[in-house]
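What follows is a short report on a single structure.
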There are 2 protein chains.
Amino acid sequence: MDIPNAIPPTPDFPTNFHVAVDVVALTINRGVLQVAVVQRHGAKSCIFSATDGYVREVDRTAHDYALPGGHVHWQNENLVDAALRELFEETAVEVSPNDLVQLGAYGDVGRDPRSGRTISIAFVAFHPSFSSPFAGSDAVSAKFMDVVDVLARPNGLEFDHERILRDAITRVRELMERTPIALKFCPDEFTLRELRSVYEVIFHHAYNPDANTNRYAERLRKYDAEVGGSPLDEAIGEFSRKFAPLAELNRLSSDRSTQRETAVLGKIEKLLTDEYRRSSSNRPTFKRDFDPANFARKAIAIDGFIEEIPGESRLSASGTGKPAQVYRRGKAKKLDPPLIVERKPGKPEKTLSK
Amino acid sequence: MDIPNAIPPTPDFPTNFHVAVDVVALTINRGVLQVAVVQRHGAKSCIFSATDGYVREVDRTAHDYALPGGHVHWQNENLVDAALRELFEETAVEVSPNDLVQLGAYGDVGRDPRSGRTISIAFVAFHPSFSSPFAGSDAVSAKFMDVVDVLARPNGLEFDHERILRDAITRVRELMERTPIALKFCPDEFTLRELRSVYEVIFHHAYNPDANTNRYAERLRKYDAEVGGSPLDEAIGEFSRKFAPLAELNRLSSDRSTQRETAVLGKIEKLLTDEYRRSSSNRPTFKRDFDPANFARKAIAIDGFIEEIPGESRLSASGTGKPAQVYRRGKAKKLDPPLIVERKPGKPEKTLSK
DNA sequence: GCAAAAGTGTTTCCCCTACACCCATGG
DNA sequence: CCATGGGTGTAGGGGAAACACTTTTGC
């Protein structure tokens with residue numbers, strides 16, 4: 001990309017700044033909100049110290065993760081492009097520029113002890129992960145973690161990434177109310193139940209700032225220890241091992257029709273469908289209990305949000321009950337009126353969901 | 001400020017970035033929203049070109065203004081501190097760190113043709129100007145301009161500052177609904193009428209994205225051409241001439257009790273009071289007509305927003321009518337429930353206010 | 001007395017919620 | 001026929017807006 005009239009940089013100001021991007025890639029897997037994290041290599045982790053507000057380098061432990069991100073490498077790279085590139089390089093997750101929403105700049109002195117001064121622009125991507133499966137590059141090992149698990153460990157994220165993650169959740173909730181972003185998590189033809197599930201996950205109390213996140217994280221860890229991971233997770237792990245090297249990933253991204261990729265993608269898709277159909281999985285989910293009838297009324301009332309497909313209906317996930325009306329996405333880019341699912345922002349936390 | 005464990009910057013990445021801050025300093029003067037702008041020196045202006053999205057250097061005209069701002073000079077300067085410093089250096093406006101709200105990062109390639117690459121972090125300060133009067137430094141000539149006047153001229157602001165200004169107005173409206181920021185524009189003891197006036201200015205249709213701003217700007221220009229500026233503006237100009245040199249301003253800021261300063265400040269305060277009392281000024285204002293009774297009920301219902309001062313009342317500004325109950329600021333930092341003054345965001349633009 | 005502005009009371013309307021009820025399916 | 005979940009109907013409550021009316025001042 002060329003800049004017209006570009007002149008050499010002014011020498012008057014120190015250019016000892018590093019400009020970085022960080023991406024909070026949020027997704028929903030089996031009814032639980034997950035975030036893409038990477039584990040950087042090296043013996044030291046950069047952990048926030050609450051005593052003086054600085055980030056310091058300490059010996060790395062197994063639980064130190066960071067948000068995917070990195071420096072804006074090229075002078076002519078837009079911030080959004082840098083965020084897309086870093087996200088793909090480190091996690092193989094591909095999203096479009098429209099899926100990235102800027103959270104803001106995080107530029108406090110002392111937020112990165114390694115460089116002279118790092119200004120980080122944070123983005124949030126709320127996107128289904130299964131369409132672009134997950135793999136680690138050779139630079140870092142990456143995975144999706146349950147958000148409650150991340151939040152339950154104080155300073156479980158390096159730098160000021162925990163704060164960024166919390167800001168991202170708040171922002172996603174705002175987007176859910178004012179844009180049709182939830183439809184990305186629904187198939188082309190969906191029922192109101194499926195749409196509502198997305199809202200129920202995002203607005204769960206477990207992600208509130210004052211929630212006792214550890215209670216929820218404990219339940220997930222306990223279940224996983226007893227039952228083990230899901231077949232979907234294992235399939236993704238398999239994909240990850242096969243295509244781990246970064247060069248391979250980049251090659252795949254430019255040639256999407258390789259047999260190996262489509263084979264694994266197909267397998268993942270089948271597993272996903274199975275997992276979706278059978279509700280026998282008892283892994284705890286975090287869903288609030290929104291009233292179905294009134295949620296439906298609100299959603300239908302929004303102009304251009306969803307369109308009814310006349311005559312089409314579909315069985316519910318459990319296989320029983322009345323088949324539900326099927327809808328498709330509307331054309332609206334903004335929800336007017338917004339889909340407000342909780343009147344008071346500071347709602348009391350009730351009992352644990354089943 | 002020291003950074004613990006600081007190590008030399010990594011040489012792997014190009015550090016050819018400039019990190020800058022821009023401040024949208026908004027205030028209300030005589031019922032009109034104003035923004036602090038500066039006129040940079042030099043023969044060239046950096047004007048946005050809608051044809052390709054780039055900012056180009058063109059010959060400067062008399063109407064080219066920019067938002068106050070500049071590079072983050074020192075490596076150990078926080079972004080907020082840099083914004084405060086630049087705002088003060090260029091406009092002599094002093095605000096506290098709490099008065100600055102970050103808008104986000106504006107970092108597109110090509111937004112500043114002068115440097116290799118400039119990432120700008122924008123802040124908004126919504127603050128009464130009369131408490132910290134206005135003066136230009138020697139680097140730039142600065143003034144407050146009517147926002148409608150700025151918005152009415154396409155590309156009246158350099159770089160992408162027009163977009164930043166529009167984002168700032170949107171943000172201020174959100175702040176007005178959710179925080180007690182409006183109280184900064186009320187005296188220690190105020191009536192609901194005064195509080196309401198602040199909301200009526202900010203939520204005027206003239207500042208909506210799709211408004212025909214030129215209509216409003218034309219009315220102001222016509223009035224000013226006939227009647228001339230206000231005594232307040234002239235007093236501020238006097239202050240500006242006296243204390244223009246930057247060194248003088250800095251000295252004053254560390255020694256606030258100099259006689260000259262207090263004398264001029266007192267004069268300004270008197271003029272302000274006079275101006276406030278007499279509503280004989282016919283300069284057009286931009287105020288929407290919110291229903292007084294229902295606005296009052298909403299404001300009183302918000303917990304901790306305003307406190308009634310029992311037994312105290314005050315005459316209205318026009319000198320007639322029933323004296324109004326006097327209130328003082330409450331302790332709340334957030335408005336719960338928010339003070340929603342317009343149900344539908346996209347309200348139709350009605351007739352011009354008187 | 002009249003105009004102007006603050007404040008109160010009241011009516012009406014709308015929307016939201018909760019709940020009851022009916023419907024359609026699988027077993 | 002029963003359990004299950006989707007969908008509809010509706011009564012009750014709360015709040016907001018509009019409007020009428022009272023109060024208190026200056027002229």
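All chains are named by letter (A, B, ...) in the order of the sequence lines, taking the proteins before the strands, and each is independently numbered beginning at 1.
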Return the value, rounded to whole Å, for the distance between atom [atom1] of [X] and atom [atom2] of [N].
{"X": "A:Phe295", "N": "C:dA18", "atom1": "CZ", "atom2": "P", "result": "15 Å"}
{"X": "A:Glu194", "N": "D:dG7", "atom1": "CD", "atom2": "P", "result": "11 Å"}
{"X": "B:Arg288", "N": "D:dA17", "atom1": "CZ", "atom2": "P", "result": "11 Å"}
{"X": "B:Ile306", "N": "C:dA6", "atom1": "CD1", "atom2": "C1'", "result": "14 Å"}
{"X": "A:Asp291", "N": "D:dG6", "atom1": "CG", "atom2": "P", "result": "11 Å"}
{"X": "A:Arg193", "N": "D:dG7", "atom1": "CZ", "atom2": "P", "result": "11 Å"}
{"X": "A:Phe290", "N": "D:dG6", "atom1": "CZ", "atom2": "C1'", "result": "19 Å"}
{"X": "A:Asn294", "N": "D:dG6", "atom1": "CG", "atom2": "P", "result": "14 Å"}

**Message:** Using a heavy-atom cut-off of 4.0 Å across all strands, would you classify B:Arg297 as base, sugar-phosphate, or nothing?
**Reply:**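 Here B:Arg297 touches the bases of the nucleic acid.
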
**Message:** Can you tell whether the side chains of B:Glu200 and B:Arg196 come within less than 4.0 Å, N to carboxylate O?
**Reply:** yes

**Message:** Looking only at side-chain N and O atoms, does B:Asn214 offer a donor or acceptor that is under 3.5 Å from a partner on B:Arg219?
**Reply:** no

**Request:** Could you list the residues that satisfy ring-ring contact (aromatic ring centres under 6.0 Å, His included) with A:Tyr327, not counting sequence neighbours?
**Result:** none

**Item:** Sub-6.0 Å ring centroid separation between A:Tyr199 and A:Phe295
**Value:**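 Distance test on ring centres: under 6.0 Å, yes.
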
**Pair A:His204 and A:Tyr216, ring centroids less than 6.0 Å apart** = yes

**Asked** Is there any salt bridge (Lys or Arg N to Asp or Glu O under 4.0 Å) pair reaching into residues 299-308 of chain A, and which pairs are they, with sequence neighbours excluded?
**Response**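 Sorted pair list: A:Glu307-A:Arg328, A:Glu307-A:Lys331.
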
**Request:** List the protein contact pattern of nucleotides 20-27 of chain D with one symbol per nucleotide (5' to 3'): B for base contact, S for sugar-phosphate-only contact, - for none; contact means a heavy-atom distance under 4.0 Å.
**Result:** ---BBBS-

**Message:** Below the 4.0 Å mark, does D:dG15 have OP1 or OP2 next to a side-chain nitrogen or oxygen of B:Lys298?
**Reply:**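 Answer is no, no contact under 4.0 Å.
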
